[in-house]
Number of protein chains: 2
Amino acid sequence: MTRRNGSKEISELPPEDRKQRPTIVDIARRAGVAPMTVSRVVNDSGYVSREMREKVERAVKELNYHPNGLARSLKRQRTHVIGILLPDIANPFSAQLVSGIQETLVERGYSSFISVSERSTAREHAALRAMFDHRADGLIVATRETKSGNDFLLRLTEQGLPMVVVGRTLNHPRVDRVTADHWRGGYEAVEHLISLGHKRIGFIGVSPINGAGLRRYQGYLDALRENNLPIDEKLIVGPAAQSGPGYSTQDDGYAGMKKLLALKKPPTAVFARNDFTAIGAMCAIRDAGLRIPEDAAMVGFDNVPLAAYTTPPLTTVDQPTREQGREAARLLLERIEGDKTRERREICLDCHLVIRQSTTNKNDNKTV
Amino acid sequence: MTRRNGSKEISELPPEDRKQRPTIVDIARRAGVAPMTVSRVVNDSGYVSREMREKVERAVKELNYHPNGLARSLKRQRTHVIGILLPDIANPFSAQLVSGIQETLVERGYSSFISVSERSTAREHAALRAMFDHRADGLIVATRETKSGNDFLLRLTEQGLPMVVVGRTLNHPRVDRVTADHWRGGYEAVEHLISLGHKRIGFIGVSPINGAGLRRYQGYLDALRENNLPIDEKLIVGPAAQSGPGYSTQDDGYAGMKKLLALKKPPTAVFARNDFTAIGAMCAIRDAGLRIPEDAAMVGFDNVPLAAYTTPPLTTVDQPTREQGREAARLLLERIEGDKTRERREICLDCHLVIRQSTTNKNDNKTV
DNA sequence: AAATCGTATGGTAGCGTTATCACACCGGGC
DNA sequence: GCCCGGTGTGATAACGCTACCATACGATTT
């Protein structure tokens, strides 16, 4: 009983009851071996005789020993923890991304801890700082780009923290990148509308701040251009400029669509930045007493599970989110366990259009 | 240059370039003081002269020093990290809960790391184990109850890990609990339907496994009983029994409603276990060519942001999720920083019914 | 018979912090 | 002149673990 002091508390409990978590020394004593031998058994490394191994394993079980991850990580200079930074959580995209990441990580013996920035740069900083200080072995970052966020990420990279970004950019030679081809997804969505005869096609959800970086929006612009349709800025509406990183919700969709419907010549079809925005917009159309798709067709982006259950079911662009997660984790582990300084790598996966009744009701109008 | 060996790599880089993160010793050397003094400056503890403090602060800034959280936590026996265990992530409930938790935590100087069980007990175990091994100071658990999950949680509690459960139970004298009054929420939802004249009211989303534990469902049963309406088991349909913990999605809602509509006497109103289930059910009603609420009224639970944007907007029960998060964090910190062995405490917050057009279209039929 | 090798175990030293004690200085009160 | 309390600084020893080296023994090999 050389452990701890705080003398008063000790006397209140019988010494054996003090639920101190056992350490490797406790196990060693109990099994009558050296701590080093316990370590070898627990980590299954080096030579241990059957006899010793059994003694140790018995002691481990009896005291319910689990190694202290802090001490182990400190010594090994490896935590086997990957930090995942998400913009927000209420979101099928986040869920599938995490699911894909974890799929790869668990089979390689890593755990992952998630943090959420909630569109606040202060929170983003705090989360990154916490991950860095607790020495995560690497980071997967899926937050939206901001100036100060980027600076911070670059600083961490410079300090040697391996990093992969998903669905965004970060310009650094040692930061890998995984995305889906949002440009093409947007392009095909708009081509689909054009092929249905639409000529006035709106876009909801782009804010002046980050329109340049939004590739699905660039796809929209390019599809119009290449089909010789005019780009009418009145048909492009975004969420009210806000302090945080760009984002767009059902509220923005509703408000945006109202603006479009108030125009002298409203669009006959609308491409929304994401499915939630599209859902909000569809509400506005319905509230205006108009029909979808006859009076206004709608396309979303992301193919969230709910998109099959809107009224009418939503045409949208599917991106392989889970696979992006898997690839991101793979790249990160490659860098962590292999060459930390190898040149950046980029992986771009394909999107594809899912046609439902919000653009055409030629199919019979059933959900499933 | 006493640091590290791996001799070959060293010679390839000029020694100054080795991006080793600086330690407290590096700072001490640079500032010409003892490590202890650096520690005092960094932690703002004990006596330090202005002169020393400035020297140290300069060195800290120049080398961009940040203390190693592992070492610090190991020494202090405190990580200042709280683990949050969520059932899944694609979910406004999770988002608001986390948001509330973090609100409280950041102002008290803690960080939080999230893990997701994704309805797999194996994942749940792994996540808990990782949190425990990395010595999180406490846990907030919002996963669904399962036998093996409960056992595991109880073991961790017995080992002295402070814990609060949210929206579920865990029977242990040292585990606090935060919930909303789902029973009353369910009760009021059903009373609302009864007051509109409904007599055949269905329930979607309960599986035989955990119906007993689902308090909103008990509220449904009790409301029927106390209004002398018969409980008809044919009107109660759940997701197909499955291995994992109970859950219910739009898919279950759609399938469940189809079953109900196929009955000889289908219900005139349905209470769904959650909003997503309700949304799926509404699709099934529409696909059957029926009107909401005239042919079938619908009530959900949770008041997710999307509920205001369904067709028609969904009557549902709102629970104060963010506040549950705040309370959970408060209780946990109280236990961590105060009396670790104090008796369990329970906090139950009120729900309230939000009436929209899926039960009555007397209001004018606008979304906002 | 000596050198070599695979197997088995333990000792020691640190990973990067900080609690604790030790010491040293200064001014003031007796 | 001595003691005291407040102030300032550093040395030392952990926290719990594992990399590394040292040792030891039996079985080959030369």
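So you know, we letter chains A, B, ... as the sequences are listed, proteins then strands, and number each from 1.
A rotation axis mapping the C1' atoms of four pairs onto the next four is fitted at both ends of the helix from dA1(C)-dT30(D) to dC30(C)-dG1(D) over five pairs, and the angle between these axes is 70° to 10 degrees.
Residues that satisfy the side chain to side chain donor-acceptor pair (under 3.5 Å) test with Lys147(A), not counting sequence neighbours, are Asp151(A). Residues meeting the side-chain contact (heavy atoms from CB on, under 4.5 Å) test with Arg342(A), sequence neighbours left out: Asp176(A), Leu331(A), Glu334(A), Arg335(A), Asp339(A), Arg345(A). Arg129(B) is linked by a salt bridge (Lys or Arg N to Asp or Glu O under 4.0 Å) to Asp133(B), counting only residues two or more places apart in sequence or in another chain. Listed by chain and number, the residues in a ring-ring contact (aromatic ring centres under 6.0 Å, His included) with Phe152(B) are His125(B) (sequence neighbours excluded). Take His172(A) and apply the ring-ring contact (aromatic ring centres under 6.0 Å, His included) test, not counting sequence neighbours, and it matches no residue. Judged as a salt bridge (Lys or Arg N to Asp or Glu O under 4.0 Å), and not counting sequence neighbours, the contacts of Glu346(A) are Arg177(A), Arg344(A). With sequence neighbours left out, Phe132(B) forms a ring-ring contact (aromatic ring centres under 6.0 Å, His included) with no residue at all.
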Tabulate atom names and distances for all N/O pairs under 3.5 angstrom spanning the protein and nucleotides 23-26 of chain D.
none

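Pairs of residues two or more places apart, or lying in two chains, that qualify as salt bridge (charged side-chain N to carboxylate O under 4.0 Å, His left out) and include a residue from residues 101-117 of chain B are Glu103(B)-Arg322(B), Glu103(B)-Arg326(B), Arg108(B)-Glu337(B). Among residues at least two apart or in separate chains, salt bridge (charged side-chain N to carboxylate O under 4.0 Å, His left out) pairs with a member in residues 62-78 of chain A are Arg30(A)-Glu62(A).
For Gln77(B), no side-chain nitrogen or oxygen approaches OP1 or OP2 of dT18(C) to under 4.0 Å. OP1 and OP2 of dT9(D) both lie 4.0 Å or more from every side-chain N or O belonging to Thr37(B).
At a non-hydrogen distance threshold of 4.0 Å, Arg40(B), Tyr47(B), Val48(B), Ser49(B), Met52(B) from residues 38-53 of chain B come into contact with DNA chain D.
The aromatic rings of Tyr110(A) and His80(A) sit parallel to each other, their planes meeting at less than 30°, with 60° as the upper class boundary.
When each of Met36(B) and His66(A) is assigned the nucleotide of DNA chain D with its nearest heavy atom, Met36(B) is the one assigned upstream, toward the 5' end. Each of Pro35(B) and Lys75(B) was assigned the nucleotide of DNA chain D with the nearest heavy atom; the assignment lying further toward the 5' end belongs to Pro35(B).
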